[in-house]
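Here the structure is laid out as structure tokens; the discussion comes afterwards.
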2 protein chains.
Amino acid sequence: METTARTRVPRNTLSAELIVASALNLLDQVGVEAFSLRALAKNLGVAPMTLYTYFRGKDELLDAVRDHALGAAALTTAYGGWQHQIRTICRRLRGQILEHPCLTGLLQQRPLAGHESAESAESLLKALVEGGFNAENAARAYTTLLGFVVGVTTLEVRLLEENRDPERREKVRQIMTGLPPERYPTLVEHAGALRQTVGGDTQFEFGLDLVIAGMEQRLILAG
Amino acid sequence: METTARTRVPRNTLSAELIVASALNLLDQVGVEAFSLRALAKNLGVAPMTLYTYFRGKDELLDAVRDHALGAAALTTAYGGWQHQIRTICRRLRGQILEHPCLTGLLQQRPLAGHESAESAESLLKALVEGGFNAENAARAYTTLLGFVVGVTTLEVRLLEENRDPERREKVRQIMTGLPPERYPTLVEHAGALRQTVGGDTQFEFGLDLVIAGMEQRLILAG
DNA sequence: TCGCCGTTCCGTACGCCGTACGGTACAGTG
DNA sequence: CACTGTACCGTACGGCGTACGGAACGGCGA
């Protein structure tokens, strides 16, 4: 991994898939911000410009990584009532983001658009339509679900990162304890609960329950 | 704006507030990715290194911008029942993100932590506690709301950007029309509805209704 | 076997970036 | 008028994405 490639690398030891997989690894380790083609090339034991044989540039590579990382989220089909199907798909989506934290950054700048994400979208929409939503409301519910899952899971990932880094953790603690209680009484009182509850399966399921319960009620009121 | 500062700028024409305001402008125009201290300095008619008199570095400046942009979201207090208060606060938060699209990127890497965001957090938590949620559930509901608002509004901002850029717009259209209908029947059928409904007040209110309805039911079942 | 060619790999270079370091010039104080 | 602290900045370093042209290699027809 560290022996700088002094000699020319043999042909066809590389492939787009291999590059994408290695990029995903690096992205998860260092984050989207610090990721660079040069570092990726070094990891692969290859000159930076070689990557351009397989991708038009950094953007195209990142798109490919996003699709690749998201692809595994849509492996199996969901069964049961529409509520259960939705739960399953959303859980898988969250699981994939947690497994590949760089997805938070990738999805933020490049929302789902490739074939890989189509699988999840299809399943979600299908469950909603089968559940009884008309076209417009199914689309709106889909967007709501997607925004919720990505938004909440992003918060979760950030919190995990914070807790890993003692310095950043201390900084947040100082901000929290430095808040004037007379100005933010509720926030100060619940600061502990906030830090403890954010993240984790329970938090996610709580939100998912809320959204799905709201959907059920909406279905009763008007398809 | 374009005359390169050949002469030394007079003293004290600069201030942290002025820098932050100008940075927010530039960030909204070019996006978090393309933003650079050098470009900001040029806009201000100042040498790049001068910015370091007011901020320790780029990160600290971005934090300040995030707090500044978020600050205006918490100007007035919310009235009415807890549902109405929550609606008001979430709408203001979304409005602020729409007004300053760079917030999507800033919030993604630097979740709310400063005094400015404390105002919103305090109001939201207060409404939830007054509504009857216990400490744990109030915290969970707060995280759900925050994730939902940021997540959905981020999708909205991305769609607006896409629609502004004809090239990117065409690319998305091609992907959508290129999807095999036999594999993604529901998605293909509802593609139009998806593109039309994402974004806009109606979409946001739809999701907000869902979440709040879910909260009301949750309150009935167990505080 | 040899020569050719398309593909894959890469060395170099350019113009950006953030910022460490040290210097310069000015406001305010004595 | 000298002194000092601070606001401003010139220079430079290492790293980035990538345009461009060239080198090396596998495979194929002769």
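Letters A, B, ... mirror the listed sequences (proteins, then strands); counts begin at 1.
- Atom CG of B:L44 and atom P of D:dC9 are 11 Å apart (whole Å).
- Residue pairs meeting the salt bridge (Lys or Arg N to Asp or Glu O under 4.0 Å) criterion with at least one partner in residues 176-192 of chain B, sequence neighbours excluded, are A:E119-B:R183.
- Atom NZ of A:K42 is separated from atom P of D:dG17 by 13 Å (rounded to the nearest Å).
- As rounded to whole Å, 11 Å separates atom C1' of D:dT18 from atom CG of A:L51.
- Residues satisfying the salt bridge (charged side-chain N to carboxylate O under 4.0 Å, His left out) criterion with B:E60, sequence neighbours excluded, are B:R56.
- For residues 135-155 of chain A, the pairs satisfying salt bridge (Lys or Arg N to Asp or Glu O under 4.0 Å) are A:E136-A:R140, with sequence neighbours left out.
- Using a 4.0 Å cutoff on non-hydrogen atoms, no part of residues 103-111 of chain A comes near DNA chain D.
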Please set out all donor-acceptor pairs under 3.5 angstrom arising from side-chain atoms of residues 155-162 of chain A, sequence neighbours excluded.
| residue | atom | partner | partner atom | Å |
| --- | --- | --- | --- | --- |
| A:E156 | OE1 | A:R94 | NE | 3.1 |
| A:E156 | OE2 | A:R94 | NH2 | 2.7 |
| A:E156 | OE2 | A:G200 | N | 3.0 |
| A:R158 | NE | B:Q108 | O | 2.7 |
| A:R158 | NH1 | A:E161 | OE2 | 3.3 |
| A:R158 | NH2 | A:T104 | OG1 | 3.2 |
| A:E162 | OE1 | A:R195 | NH1 | 3.1 |
| A:E162 | OE1 | A:R195 | NH2 | 3.2 |

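- Within the 3.5 Å criterion, the main-chain N or O of B:A64 finds no donor-acceptor partner in the side chain of B:H68.
- Of all non-hydrogen atoms in A:A118 and B:L179, the two that sit nearest each other are CB-CD2, 4.0 Å.
- Residues of residues 54-63 of chain A having a heavy atom closer than 4.0 Å to DNA chain D, listed by number: A:G57, A:K58.
- Atoms CG and CG, from A:L124 and A:L93 in turn, are 8.0 Å apart once rounded to the nearest 0.5 Å.
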Would you give me the side-chain donor-acceptor pairs under 3.5 Å for residues 17-30 of chain B, sequence neighbours excluded?
| residue | atom | partner | partner atom | Å |
| --- | --- | --- | --- | --- |
| B:D28 | OD1 | B:C102 | N | 3.1 |
| B:D28 | OD2 | B:H100 | ND1 | 2.6 |

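- Using a 4.0 Å heavy-atom criterion, one finds that B:S36 contacts the sugar-phosphate atoms exclusively.
- One can place CG of A:L18 at 15 Å from P of C:dT8, the figure rounded to the nearest angstrom.
- Between D:dT11, C:dT8, D:dA7, one nucleotide has an atom nearer to the side chain of B:M49 than all others, and that is D:dT11.
- The distance between atom CD of B:E33 and atom P of C:dC16, rounded to the nearest whole Å, is 18 Å.
- Contacts of A:Q96 classified as side chain to side chain donor-acceptor pair (under 3.5 Å), with partners at least two apart in sequence or in another chain: none.
- Taking atom CG of B:L40 as the reference point, atom P of C:dC17 lies 11 Å away to the nearest angstrom.
- Residues satisfying the side chain to side chain donor-acceptor pair (under 3.5 Å) test with B:T50, not counting sequence neighbours, are none.
- For the pair B:R38 CZ and D:dA12 P, the computed distance is 13 Å after rounding to whole Å.
- Of the candidates D:dC8, D:dT18, C:dC10, the closest approach to any side-chain atom of B:V9 belongs to D:dC8.
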Indicate for each nucleotide in nucleotides 25-30 of chain C, in 5' to 3' sequence, whether protein heavy atoms under 4.0 Å reach the base (B), only the sugar-phosphate (S), or nothing (-). BBS---
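- Computed from C1' positions of five pairs at each end, the angle between the two local axes of the helix from C:dT1-D:dA30 to C:dG30-D:dC1 equals 20°, rounded to 10 degrees.
- In terms of heavy-atom proximity, B:L103 sits nearest to B:I97 at CD1-CA, 4.0 Å.
- A:Q109 is linked by a side chain to side chain donor-acceptor pair (under 3.5 Å) to B:E33, counting only residues two or more places apart in sequence or in another chain.
- Contact check, B:T53 against D:dC8: no side-chain N or O comes under 4.0 Å of OP1 or OP2.
- Following rounding to the nearest Å, B:Y52 (OH) and C:dT24 (C1') show an atom-to-atom distance of 20 Å.
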Under the criterion side chain to side chain contact (heavy atoms under 4.5 Å, CB included), I'd like the reasoning laid out for A:T143 against B:L194: C-alpha separation, chi angles, the key distance, then a yes or no. CA-CA 8 Å; A:T143 301; B:L194 263 182; 4.3 Å; yes
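- Across every non-hydrogen atom of A:S15 and A:Y54, the tightest pair is CA-CE2, 3.9 Å.
- Side-chain nitrogen and oxygen atoms of B:T50 include none within less than 4.0 Å of the OP1 or OP2 phosphate oxygen of D:dA7.
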